[in-house]
Structure formats: C-alpha cells, structure tokens
Amino acid sequence: MTATKIQTWALRSRTGFAVVATLSGVAGLIVVLVQLWITGVFTRLGDAATTIVVVTTAYALFASVVGGYVSMIAQRNTLDWIPRDRAPTDAEAKRVLRMPLDMALLAGSLWLPGIVLEAGMFGMVAPARDLVIAVALVTMGGLTSAGFTYLLTDRLLRPAIPRVAQVRSVGHPSSTALVRVLITWALASGLPLANVILVLADTGSPQHDRIRGSLYIAIVGLLTGYAATAFLARSIALPLYDLRRALGRIEQGDLDVEVPVQATSEIGLLETSVNDMTHSLRERERLRDLFGRHVGTNVAQRALERGMDLTGDMREVSALFVDVVGSTRLAHVLEPREFVDKLNRLLITVVDATTMYGGLVNKFEGDAALCIFGAPIELDDDATAALRAARRIRDEVLAAGEFDIGVGVARGLVFAGDVGSATRLEYTVIGDAVNEAARLTEAAKNVPQRILVSQPVVEACSSHERELWTSHGVLKLRGREDETKSWTDNRGGGASQRTNKSRSSVTVDTGLSHTNPRQT
C-alpha cells in the first residue's frame, strides 16, 4: 500500500488515528524494554524482571486502548467532513491544525501513570540507582511515543491541508518548521545521546556491558539520525522545489499557477502567499485589460505608472477623425441591435488600423471615433502613421459596404493629458488640430475619396507617403476663420464607385459644394 493510500484510508476511516495511537504506544513500550535490556537493569533485577515486564506491557496495552478510543472521538469531531465530502467549518479547520499537538499531548499524558507505576515497582525490588535509571528510561519512552505520534499525525493530515487552507490560514504555533526540526532531532539524536550518557553513567554495570550498550545505542542513533534528517530535508526541499518552479512560471507570465498547500508550517504559509499573489496578479491583469479596453493600453499603462496625475504635455500630434454618413437615418430604419452590430464591426476596423500604426483610439462618440498619433506614446513619424491608418480604414469600411464614412486628418500642437477630478479622470487631447480634423471629416463625406487631410500632415509625412496624396484645394471650414489647405489620396478613385451605392440610399447635406472644393 502506497503512502497516499495509507493517508487516504487514515483520514476516511473511523479508526485511522486510533491505529496511530496504538502504534505509538507499542513503539514507546518497545523502546523502554530494549533500553532496560541494553542498560543491564533486567539482569540485576533477577526474578522480578518478569513481573515488571508483564506489568509494563499490560499497562502499555491498556493505555493504547484508551488512547485509541480517545483518538476515535477526536477524529470524529475533527475530520468528520472528509468522508462526507464537504468543506470544513472554521472550527473544524482550526482543530485540524492543532491535531498533531493534541495527539502528542494525549500520548504523553497516557505515559505519566506508567512512569509512576514503574517507579513504584522498581522502588520495591531495585536499589535507588536502578530506580532512577528505570524512571529515566520510561520517561524517554513516553517522549518517544509523543514525538512519534506528532510526526505521524502531521504526515497523515497532509492531504487535508489544501481544503483547510481554503477556510483559514494554515499557520499554527505548534506546527512551525522549528518545532518539526526539534522533535525530529530529539527522536533521532537527542534521546539516543541521552541513553548513551545514562548507560555510561551507570557505575553499577560492568564496563563491558556499558561499552556494549553504548555501541548499540550509538549505532541505532546514527541510523535513525540519518534517516530522520533525510526525510526531514526531503519534506522541506520538495515543496521549495515546487515553489521555485511556480515562481519561474509566474516570472514568465503564467498567472494560472496554483501551488497545492500541503504543510501547516512556514512552507504552507509561503505556498498560501504564492497563491494569494497569483490571485492578485490575475485580478490586476484583468483590471488592466478591462481598463485598457476602455481607455487604450498605452493610456492604462500611463495611468498605472503615474497614478492620479492631473497633468499633461504639449505634443505635436496627428488627429484622425472618422464619422458615419447618414447615421441618424440608419438608426431610424434599422433595428437597434442590428445597427449596433454594424457599428461594432466598423469600430473594430478603426481600432485595428489605429493600433497597427501605433496610434490611440482616444474616444468613441456614438458613430464617430477620434484617433491620436503621437500621444501618449511619441512616434517617429506620426503623420505617416495617421495617413496610412486613414487609407486602411476607408478601404476596409467601404469594401464591407455596410457604412459610408468620412475621414479627416489634421496635425498640430495639442494638450495631451488627464482632465477631470480626483475621483474621475479622463485622458484626452485638446487643441485646434482636433477641431480641424472633425471639420475635415464633414467635408470628406462629399469627396469621392472620402478622406481629407490638412497641409501640415502632408508636409510632415515621409516622401514616399507624400507621393500618394494630391492637393484638393482650399476649404473654408465651419467654425474656423482661417482657410484650410486640404489634400486627398490619389489612389481612391475606386472608392467613389464603391460608395455611390451607399450614398444612393443615404444622403447628408453638409453645406459643401459638390463641384467646387472651396466652400463659400
């Protein structure tokens, strides 16, 4: 039977920890009898040795039965939720964490009457020196039983700890790594060394008996010390190895890591902390993603780095404005859900094109969108990026045939930063270039190419990109005193053919001349 099956049986069986108590009592009895034989005390007792062995064994068996019964009650009160396949209550989880200590105290307390009984028997048949030795050996047997009970109970409870960790913190003063190390050392090295001292200090035994007993105990101490140290090191090293692997995965960006909490010591607290950390990171990443979807990834990153900062920068940017032709009429003739679905497909195209060229979709305004190139992330050539995005948006939207649009692009100095209050912030751009792009969009709805850009944009773009644009003339835009030199792309002739069908059903009067690009 494997260790896992033994643990599962012990936790689900009504008598699992009763067996632990019985085994611990038998182990303590064997330790006492072996030590009495090695030290030569039995040899000096003569015929009384048989009586002492019988009485000691009878009491040990009686104590084991009592301990087993009490352990059954403790298991029923503490682990009844396991066979019932339910989560533990807070009180049950607390008792689980205390169970190794409680079981050890139970085992130790059952040995106290045995120590008194041994002292009484040895006091009647043995000299004072043998009385002291016998009492010391029986006390060591009781300590061995209590320590063995603690470690075995702690080991058997491991599969229950993950579910306990879901209810409360797994830390407990009686289950620290220091406590485990001290108990392991006491069982494997401390008690054997004490026995060696006791044997060597017994001047009533012949020298060869003392040497022989010391050698036996030393060999046992070496073997048990090595085995216990290796087992303890493994019980600490394996969880740390799992933690190191988990942290490595987290460092690589895998936030779905879940470390099983299998210990109640500091290692268990560390495992719980790692799980709490990954949960917080997942939640932060979810909020970052949600925040980024609302305001843009770059703006979200800027907000996370600067916090509540009501400041901004003066930036030279290219502003791109997209608006739907005849959206009011479309909203009237289409079902709301159908209109929203079409609009979402349009905005997906706008977002993809803007993001591809390093821009930011600053805001959606119903059926329109404002895109910024050059803020909050500076671009080496924001004008070229804006022009390429404008052509791609126009081509893909008109090819889909669901909407007719106008696209305007302008460039200039704007304020780019957060505005609002301490409780509500919004990243925005404010400046004449934004207003000019919006007005160019109105005029572009009546241009075959459906795109109009201002002179500064064409002047700032790359020479290769400039070859794709041609002068459209001077416009007098609504709300602006100065005339605007406008350009449109020279490859958009086919756009007019694709959009004529759309405009045959949706016509919007913008007050612009359809024959003369100069508005009067």
Side-chain angles (χ1 to χ4, degrees), residues 296 318-373 383-410 437-438 440-453 457-458 461-462 464-470 472 486-508 510 512 514 517:
S318 295
L320 184 154
F321 204 86
V322 183
D323 194 14
V324 175
V325 176
S327 59
T328 302
R329 182 176 180 276
L330 287 175
H332 177 71
V333 300
L334 296 177
E335 292 292 332
R337 171 52 62 185
E338 182 182 358
F339 180 72
V340 170
D341 290 340
K342 291 177 178 289
L343 186 60
N344 283 338
R345 287 192 287 271
L346 164 69
L347 297 179
I348 289 174
T349 300
V350 173
V351 171
D352 289 345
T354 303
T355 304
M356 171 178 285
Y357 295 107
L360 165 71
V361 180
N362 182 241
K363 57 173 62 70
F364 297 123
E365 299 178 357
D367 58 343
L370 173 62
C371 310
I372 304 299
F373 296 83
T384 299
L387 293 177
R388 291 176 177 175
R391 286 189 286 109
R392 176 173 175 175
I393 291 171
R394 187 272 318 277
D395 293 344
E396 292 189 5
V397 171
L398 297 184
E402 293 186 326
F403 285 112
D404 189 9
I405 61 171
V407 181
V409 185
L440 285 169
T441 302
E442 294 179 9
K445 296 177 181 179
N446 297 278
V447 174
Q449 292 87 347
R450 297 294 187 267
I451 302 178
L452 286 177
V453 303
V457 181
V458 177
C461 72
S462 65
H464 177 73
E465 179 67 25
R466 192 179 300 118
E467 295 176 356
L468 305 178
W469 296 83
T470 185
H472 180 68
S486 63
W487 292 64
T488 189
D489 72 305
N490 55 22
R491 297 193 307 167
S496 61
Q497 299 176 1
R498 291 192 300 269
T499 58
N500 284 336
K501 297 179 180 180
S502 175
R503 290 188 57 78
S504 64
S505 59
V506 180
T507 303
V508 176
T510 62
L512 300 177
H514 286 237

Checklist entry - What distance separates F321 CZ from I405 CD1, expressed to the nearest 0.5 Å? => result 12.0 Å

Checklist entry - Out of curiosity, T349 OG1 to E396 CD, how far, rounded to the nearest 0.5 Å? => result 5.5 Å

Checklist entry - Does a side-chain heavy-atom distance below 4.5 Å link N362 with C371? => result no

Next on the checklist: Please give me the minimum heavy-atom distance between L347 and A369, naming the atom from each residue.
Outcome noted: CD2-CB, 4.4 Å

Item to check | Which atom of L398 lies closest to which atom of F403, heavy atoms considered | outcome: CD2-O, 3.7 Å

Checklist entry - So do the side chains of F364 and V351 get within less than 4.5 Å of each other, counting heavy atoms only? => result yes

Checklist outcome for this item: Residues G408 and T441: closest non-hydrogen pair is N-OG1, 3.1 Å

Checklist entry - Can any side-chain N or O of T488 pair as donor or acceptor with the backbone N or O of I451 at less than 3.5 Å? => result yes

Checklist entry - For the residue pair I393 and A353, what are the closest heavy atoms and their distance? => result CG1-CB, 3.6 Å

Checklist entry - Which atoms form the tightest heavy-atom contact between S318 and A386, and what is the distance? => result CB-CB, 3.7 Å

Checklist entry - Can you find a pair of side-chain heavy atoms, one from L468 and one from R391, that are under 4.5 Å apart? => result yes

Checklist entry - Under a 4.5 Å cut-off applied to non-hydrogen side-chain atoms, are V453 and V458 in contact? => result yes

Checklist entry - If every non-hydrogen atom of N490 is compared with every non-hydrogen atom of W469, which pair is closest and at what distance? => result ND2-N, 3.7 Å

Item to check | Student check: side-chain heavy atoms of H472 and L452 closer than 4.5 Å | outcome: yes

Checklist outcome for this item: In this structure, CG of D341 is separated from CG of L346 (nearest 0.5 Å) by 12.5 Å

Next on the checklist: Closer than 3.5 angstrom, by distance alone: can the side chain of R394 be matched with the main-chain N or O of Q449 as a donor-acceptor pair?
Outcome noted: yes

Next on the checklist: Under 3.5 Å, is there a donor on one side chain and an acceptor on the other for D367 and S327?
Outcome noted: yes

Checklist entry - Does R466 reach the side chain of H464, with side-chain heavy atoms less than 4.5 Å apart? => result no

Checklist entry - Going by an N to O cut-off under 4.0 Å, is there a salt bridge joining D323 and K445? => result yes

Checklist entry - How many angstroms lie between atom CH2 of W487 and atom CG of L440, to the nearest 0.5 angstrom? => result 14.0 Å

Item to check | R392 side, atom CZ; D352 side, atom CG - distance, nearest 0.5 Å | outcome: 6.5 Å

Checklist entry - To the nearest 0.5 Å, what is the distance between CZ (R388) and OG1 (T354)? => result 14.5 Å

